[in-house]
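Reviewing the structure listed below.
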Number of protein chains: 2
Amino acid sequence: MNDKNTTGTEAWNETEETGRIKVAEAGFETPQSREVSKATIARLPLYLRFLQEENSKGKTHIPSEALARSVSVSPVLVRKDLAAVAATPGVPRKGFATVRLIADIEKFLGYDNLSDAIIVGAGGLGKAFLGYEGFKNNGLNIVAAFDCDEKIIGERISDKPVYAMEELESFVQKHMIRIGIIAVPKAAAQSVLDKMVGAGIRAVWNFAPAPLIAPKGVVLKTEDLAASLAILAGELCRVREN
Amino acid sequence: MNDKNTTGTEAWNETEETGRIKVAEAGFETPQSREVSKATIARLPLYLRFLQEENSKGKTHIPSEALARSVSVSPVLVRKDLAAVAATPGVPRKGFATVRLIADIEKFLGYDNLSDAIIVGAGGLGKAFLGYEGFKNNGLNIVAAFDCDEKIIGERISDKPVYAMEELESFVQKHMIRIGIIAVPKAAAQSVLDKMVGAGIRAVWNFAPAPLIAPKGVVLKTEDLAASLAILAGELCRVREN
DNA sequence: ATTTTATCGATAAAAAATTATCAATTTGGC
DNA sequence: GCCAAATTGATAATTTTTTATCGATAAAAT
């Protein structure tokens, strides 16, 4: 009915924001290639964390209610999310098998097959990413950084090499990199994006506070810390007025 | 039989995820203290960026459709968002007055009256935040950092002082800080949160990849970079299969 | 072995968010 | 001053997401 009219009527959602994600056909256990909402996907890593925590405490089963409380949503929603994503069904009177569920979620999120990525910009934010402990277990493997600052080219940051911008294209092509992270000042962001796309990168995670334009077919996600902040600040107001 | 056992009625959404935010009564122009959804609030900063961009190009008016395209969302939704938030009505045949709209949104988001905040953890991520250019104009003013690493205590990072953890409580109380940012390793996060809350902080922005527990009345937002990443990776999959 | 009970999963209902439609309005040109 | 074009804003329709209800089921208790 609606659906990728592309050029016809409406033209919004070009590179982003399709809202639903089709489970790759290659999956095995995954129920039947269902569509899963972004909201659900955003909750998955939160479930995961809690599950890992509980697993390390020796809990073999977790009821949906415990999960629910840890993420501040209703138990029913947890069950619905899991039904859409996990192969393992829950068992009455006990809950979900911790390790199986962890495996299912990690698989769904693609944490099992690491994706290599590069980062451009080895300044403050870039350096932080290169050392961020959270990525190790989350399917993202940053293999190199690129920068135009002569002083740091050739060095290693958190054990990752820093190359000159000129080497980006050949490196990306040689290693078949598909994911790029932008951590440069606002003014340079668009040109970095263009360079990445030209080299063959298909998904870009942008941390520069600038609205970028990506060609069709390239996934661009601009991480908006200001947006998150706004929500936090808003809630703070709400709390303040008791 | 049913759930909602535990304590009394429902217990989920304690510290977060209320979903709607009441506009502070103190507002002047804001239509009539309406409720605005989180989804709307998350779009606001994106509108803002585009508006500032266009404003600097000299455009005095922006139609909802241009805004819509820049954020990849429908024009109707833009108008609905703005109706909920902006005092200035759009003008037929021209669009919304750029500068007025910018002012309205900034005011709504609280970017006009800066909130002071502290950050705990002056390692990689913390350093990045201390220097992040995006905060300057977004209502957040990081005034000091705290760390337990003797080597950096007493120094200045991006012109902000670094203090010892012991000084946190007195500093927070003296300066009446209400917002805290956590940028420490996972293992230390909960204890930092507790310390912050004990000192009087009411809203916490957590960047450690750990599920924390905050007492009721404290707003806790755990920024989940892994979750964002999952969404990006998912979309990449989708794109890959053409 | 039977009963009890906690927990799931499916279905239905409700609420929320987004999109479609269209009359109303204001600008800009004639 | 009048007409046409563009754009808003309000209302209605649709879709999506979340919550509620309840029978089914399997573990634990008796």
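The chains referred to below are lettered A, B, ... by the order of the sequence lines, with proteins before strands, and numbering in each begins at 1.
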Residues at least two apart in sequence or cross-chain that pass side chain to side chain contact (heavy atoms under 4.5 Å, CB included) with B:Thr60, listed by chain then number, are none

note: B:His61, atom NE2; D:dA5, atom P; distance rounded to Å ~ 22 Å

In whole angstroms, the gap separating P of C:dC8 from CG of A:Asp81 amounts to 13 Å

The correct set of residues in residues 52-59 of chain B placing a heavy atom under 4.0 Å from DNA chain D is none

Testing C:dC8, D:dT8, C:dT18 for proximity to the side chain of B:Phe96, the answer is D:dT8

Set out, line by line, the N/O atom pairs under 3.5 Å between protein and nucleotides 27-30 of chain D.
residue, atom, partner, partner atom, Å
D:dA27, N3, A:Arg93, NH1, 3.4

Among the nucleotides D:dG9, C:dT21, C:dT18, whichever has the atom closest to the side chain of B:Lys80 is C:dT18

- Would you say a side-chain N or O of A:Ser64 is under 4.0 Å from OP1 or OP2 of C:dC8? yes

Residues A:Leu51 and A:Ile62: closest non-hydrogen pair is CD2-CG1, 3.8 Å

By side chain to side chain donor-acceptor pair (under 3.5 Å), B:Asp194 pairs with (sequence neighbours left out) B:Gln190

Sorted by chain and residue number, the side chain to side chain donor-acceptor pair (under 3.5 Å) partners of A:Thr88 (sequence neighbours excluded) come out as A:Asp104

With the side chain defined as heavy atoms from C-beta on, A:Pro63 is closest, among C:dT18, C:dC8, D:dT19, to C:dC8

So the salt bridge (charged side-chain N to carboxylate O under 4.0 Å, His left out) pairs with at least one residue in residues 46-62 of chain B (sequence neighbours excluded) are A:Asp224-B:Arg49, B:Glu54-B:Lys57, B:Glu54-B:Lys59

A:Glu65 atom CD is separated from D:dA20 atom C1', nearest whole Å, by 15 Å

Residues at least two apart in sequence or cross-chain that pass ring pair (Phe, Tyr, Trp, His ring centres under 6.0 Å) with B:Phe207, listed by chain then number, are B:Phe129, B:Trp205

(request) Using a cut-off of strictly less than 4.0 Å, decide whether B:Ser74 has a side-chain nitrogen or oxygen near OP1 or OP2 of C:dT18. (result) no

At under 4.0 Å, does any side-chain N or O of A:Arg79 touch on OP1 or OP2 of D:dA20? no

With sequence neighbours left out, the residues meeting side chain to side chain contact (heavy atoms under 4.5 Å, CB included) with B:Ala210 are B:Lys186, B:Leu212

Practice item. Say whether, by atom type as modelled, one donor and one acceptor occur between the side chain of A:Arg202 and the main chain of A:Gly217 under 3.5 angstrom. Key: yes

Checking C:dA20, D:dA20, D:dT18 against the side chain of A:Leu77 (C-beta onward), the nearest is D:dT18

Here the salt bridge (charged side-chain N to carboxylate O under 4.0 Å, His left out) pairs for residues 70-93 of chain B, sequence neighbours left out, are B:Arg43-B:Asp81

Rounded to whole Å, the CD1-P distance (A:Ile41 to D:dT16) equals 15 Å

Separation of C:dT7 atom P from A:Leu67 atom CG, nearest Å, is 12 Å

